[in-house]
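Naming: A, B, ... by sequence-line order, numbering from 1 per chain. Only a predicted model underlies this, so the values are computations on that prediction, with no experimental measurement involved.
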Amino acid sequence: KAGVTQTPRYLIKTRGQQVTLSCSPISGHRSVSWYQQTPGQGLQFLFEYFSETQRNKGNFPGRFSGRQFSNSRSEMNVSTLELGDSALYLCASSLGAGALYEQYFGPGTRLTVT
Amino acid sequence: AQSVTQPDIHITVSEGASLELRCNYSYGATPYLFWYVQSPGQGLQLLLKYFSGDTLVQGIKGFEAEFKRSQSSFNLRKPSVHWSDAAEYFCAVGDRDDKIIFGKGTRLHILP
């Protein structure tokens, strides 16, 4: 069974631009969560989607948004990029929603904002 | 607010030696507790989890962890480390909204 895939793996953007990251979950998984990982703040929860609905949201500004499609694939968008948005963005999928279900992580998308 | 503290940013042990990584959490009720490992350039992999019941939990790759409510701790142990265990280890807690909150991580270095 294929694992969680994230595209692109690396991305360089300029301040003020916007970016869209994609996550394809493991087949059969209906929940997708997104995390931002930085050396200073560590891993921070962005949001979780289950059956195309945002179920949970972390403490991030409205510039960070996401969505989930009927096939469970998910995208996250960051508008008006800032230098501080440079990070590894990790996606995780699970069979169900919430902490009870094991999360399987993708390799991440490394975003660099210049 | 729920939080997780991993007091050791870096730990170095010799190959074959025992390992203990510390984790303390702040949570009002019985928490869901996790340990994840992240190898360079990789995503996170779940090592083990505690939801309820036996406070000593066995995981993959020979790891175990013990939940101690009185100390609000969930330390990870391994009796004998291998060079391939060099990685970053994250403790995490599931909060009442079912979000998972991660500690800042402990980077494990292995001496040959």
Side-chain angles (χ1 to χ4, degrees), chain A residues 2-10 21 23-26 29-51 53-60 66 87-110, chain B residues 1-10 21 23-25 27-53 57-61 63 67 74 87-107:
Chain A
V4 178
T5 58
Q6 293 187 245
T7 57
R9 290 292 310 278
Y10 302 91
L21 311 182
C23 172
S24 293
I26 292 172
H29 285 196
R30 296 171 62 194
S31 174
V32 173
S33 297
W34 288 89
Y35 297 87
Q36 181 195 65
Q37 185 177 22
T38 59
Q41 297 300 317
L43 273 155
Q44 294 185 285
F45 173 80
L46 280 157
F47 25 65
E48 179 188 15
Y49 285 87
F50 179 74
S51 293
T53 301
Q54 188 179 86
R55 186 176 173 276
N56 255 319
K57 190 178 192 304
N59 190 26
F60 278 82
L88 180 67
Y89 289 88
L90 291 165
C91 157
S93 76
S94 56
L95 277 170
L100 277 176
Y101 292 89
E102 179 174 347
Q103 293 194 337
Y104 294 81
F105 282 79
T109 294
R110 173 76 61 186
Chain B
Q2 295 74 32
S3 65
V4 179
T5 302
Q6 294 180 247
D8 303 306
I9 299 174
H10 293 272
L21 302 182
C23 172
N24 292 97
Y25 65 89
Y27 192 77
T30 300
Y32 305 151
L33 293 162
F34 310 84
W35 274 100
Y36 285 84
V37 61
Q38 185 178 33
S39 299
Q42 303 293 319
L44 278 71
Q45 181 183 23
L46 181 67
L47 286 175
L48 48 78
K49 60 189 177 187
Y50 171 80
F51 289 163
S52 64
V57 181
Q58 302 297 322
I60 62 171
K61 304 186 181 187
F63 286 93
F67 169 57
F74 189 57
E88 190 153 22
Y89 292 80
F90 294 91
C91 181
V93 61
D95 75 2
R96 63 172 63 91
D97 295 321
D98 279 350
K99 297 192 298 292
I100 295 180
I101 298 169
F102 287 85
K104 293 288 180 71
T106 297
R107 185 166 295 277

* **Over all atoms of both residues, closest heavy-atom pair of B:Ile100 and A:Ala99** =>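 Heavy atoms only, the tightest pair is CG1-CB, 4.0 Å.
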* Asked: Which distance, rounded to the nearest 0.5 Å, do you find between the CG of A:Leu43 and the CD of B:Gln38?
  ->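 Between atom CG of A:Leu43 and atom CD of B:Gln38 there are 6.5 Å.
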* Inter-residue atom distance B:Lys104.NZ - A:Thr38.OG1, 0.5 Å rounding ->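 Between B:Lys104 NZ and A:Thr38 OG1, I get 8.0 Å after rounding to 0.5 Å.
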* Toward chain B, the part of A:Tyr35 with a non-hydrogen atom under 4.5 Å ->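 Side chain only.
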Chain B interface, residue from [options] that has the most non-hydrogen pairs under 4.5 Å:
options: A:Glu102, A:Lys57, A:Gln6; answer: A:Glu102
options: A:Gly108, A:Gly98, A:Pro39, A:Ala97; answer: A:Gly98
options: A:Gln103, A:Gln44, A:Arg9; answer: A:Gln103

* **B:Tyr32 side chain near A:Leu100 side chain, heavy-atom distance below 4.5 Å** =>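 Result yes, sub-4.5 Å side-chain heavy-atom pair found.
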* Are any non-hydrogen side-chain atoms of A:Gln37 and B:Phe102 less than 4.5 angstrom apart? ->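 They are not in side-chain contact.
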* Examine whether an atom of B:Gln45 lies under 4.5 Å from a heavy atom of chain A, and if so say whether it belongs to the side chain, the backbone or both; otherwise answer neither. =>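 No part of it gets close to chain A.
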* Does atom OH of A:Tyr101 have more than 12 heavy-atom neighbours, drawn from other residues, nucleotides or ligands, at distances under 6.0 Å? ->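 No, OH of A:Tyr101 has 12 or fewer neighbouring heavy atoms, counting only those of other groups under 6.0 Å.
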* Asked: Has B:Ile60 got more than 12 heavy atoms of other residues, nucleotides or ligands less than 6.0 Å from its CD1?
  ->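 Yes, because the 6.0 Å sphere around CD1 of B:Ile60 holds more than 12 heavy atoms from other groups.
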